Amino acid sequence: MNLAQQFETLSELARSGQVLPFWQDIFVKFYQAFLYEDRWLQYIEGVGTTLLVTAMALAIGVVLGSVVALVRVGHDQQKPHHRNPLLGLVNGVLEVYVTVIRGTPMMVQLLIMSMVIFASSRDYTMVGALTLGINSGAYVSEIIRGGLMAVDPGQMEAGRSLGLNYITTMLLIIIPQAIRSILPSLGNEFIILLKDTSLITVIGGKELLYAAQGVMNRTYEAMFPLLGTAAIYLVLVMIFSWLLGKLERRLAQSDRR
Amino acid sequence: MIVVKGLQKQFGALPVLRGVDLEIQKGDCVVLVGPSGCGKSTFLRCLNRLEEPDGGQVFFNGEEVTDKDIDRVRQKMGMVFQHFNLFPHLTVKRNITLAPVRLGLLTQEQADAKAMELLQRIGLADKADVYPNMLSGGQKQRIAIVRALAMDPEVLLFDEPTSALDPEMVGEVLELMRELARGGMTMVCVTHEMGFAREVANRIIFIDEGVVKVDKPPKEFFANPENERLKAFLSKVL
Ligand SMILES: Nc1ncnc2c1ncn2[C@@H]1O[C@H](COP(=O)(O)OP(=O)(O)OP(=O)(O)O)[C@@H](O)[C@H]1O
Ligand SMILES: [Mg+2]
């Protein structure tokens, strides 16, 4: 007797009101959660969306964070008597952005984006990715700013003393050195984002947890879908942490040259 | 070549330079001395505007140095730092060629050839492709000097170029500086190396209380220091 037939027989019994022995009960619930009607495909699809949303949010976060960090560092490094008013204005706006994003819960930001700003949009997954990206940008900007400011000020002076202008010195001398300290923190940000994508379920984003909830709603059984989801996240995080560790060791090695 | 008029600089409430007047001629090798914290570094950094003066003027080849054309001035006014400030992520050769190539003064090939020629001159041609952290302090500083030389500067500013070096490496850096001075390079050096000052400089300048107190050729400078503060200073360093 194969698994499918066994499942049919046992679930028939259960429906007729019979109490199943422990292991048979577990089997039925497990089968329902992952195998019945090929439900595992829904989880896989969910993982795909989760990774896609993570990647998009990180991309938005890095672009946004870089711009914010460069403007803010550029603003701070102006000479006291020659502050550019436009740069000052943009810097002020960006400071508000960072403060607001870091000072409010991600969940509230998601709800505001989906129910107020993009109230008419049906593409909840994309709204979720965008929100996560905007959120991440604030944190990434602080990571990058820290990395840029950690470079020895003598490097900027050496570049400028050779006649290179501010932007060229930034691009060729400061940023390449800052990247070494920024990359590991960006890796951490990626892992945080990976886990935070589960939040977009509340606005209807169709990622992994959403798939699990779909199964739960049909089977009235929470344990296996949720434990399965947790296990999948754990495996993903472990894989990426391992990859990041490898990257960090690489960087450390090239530092020693 | 460089004319400084009434240069003033203060940090917050602390006045450091209170009106420095100085003229530096082409071919001069000027050594600046003075008690710690008297503003020697600040003065040097005001010349190429790494520090912005609060008052007074700096003229370079007859033109006032302002923020507007500062990058052009700096190409001709090289600077050597106490802590070398080599670019750690670039090889020695790239350290030397980066600025001249970027600024369109030389093609990469020309710059490479020039870098190799300069490295040969200081006996470090074999280090062209290594990264700075493989070098000793003395080698780093000599390469920092070569990096400045690759721009073909008209004047070089040195801010305590040997202060961060182990004693046995001071000599090689001073030797290179001596060669440059003999070759007619205009130099302004802040240094505590009185032997170097006595032997190589044609003028020694004592800065104290924010102004130039003494400006004399080395012989007179050391022989009869009539200024009381200079006497006290010399008794400490000699
Ligand atoms: N960026 C700065 N901010 C505030 N104070 C400063 C700054 N740079 C220098 N100073 C102060 O200005 C004074 C002069 O400093 P400067 O470095 O020019 O002295 P110096 O003659 O080079 O001394 P040393 O022989 O120790 O190098 C010192 O009292 C120093 O503390
Ligand atoms: Mg100093």
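So that the names make sense, note that chain A is the first sequence line, chain B the second, and so on, each numbered from 1. On a predicted model such as this, the values are computed, not experimentally measured, just so you know.
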Donor-acceptor pair, distance only, cut-off 3.5 Å: does the side chain of A:Ser114 make one with the backbone of A:Leu110?
yes
Among the options [options], pick out the one with the most heavy-atom pairs lying under 4.5 Å from chain A.
options	answer
B:Val80, B:Asn48, B:Leu50, B:Leu157	B:Leu50
B:Leu98, B:Asn85, B:Val73	B:Asn85
B:Ile70, B:Val130, B:Leu86	B:Leu86

B:Arg45 versus chain A, heavy atoms under 4.5 Å apart: side chain, backbone, both or neither?
side chain
Tell me, side chain or backbone of B:Phe81 under 4.5 Å from chain A's heavy atoms, or both, or neither?
side chain
Would you call [X] and [Y] a side-chain contact if the rule is heavy atoms closer than 4.5 Å?
X	Y	answer
B:Leu47	B:Met79	no
B:Asp54	B:Lys9	yes
A:Tyr97	A:Leu64	yes

Answer with side chain, backbone, both or neither: which region of A:Thr168 has an atom nearer than 4.5 Å to a non-hydrogen atom of chain B?
side chain
Relative to chain B, which segment of A:Asp152 carries a heavy atom at a distance below 4.5 Å: side chain, backbone, both, or neither?
side chain
Residues B:Asp112 and B:Gln108: side-chain donor-acceptor under 3.5 angstrom:
yes
Worked verdict on A:Glu142 versus A:Arg145 for salt bridge (charged side-chain N to carboxylate O under 4.0 Å, His left out)
CA-CA 5 Å; A:Glu142 291 296 287; A:Arg145 209 160 70 97; 3.4 Å; yes
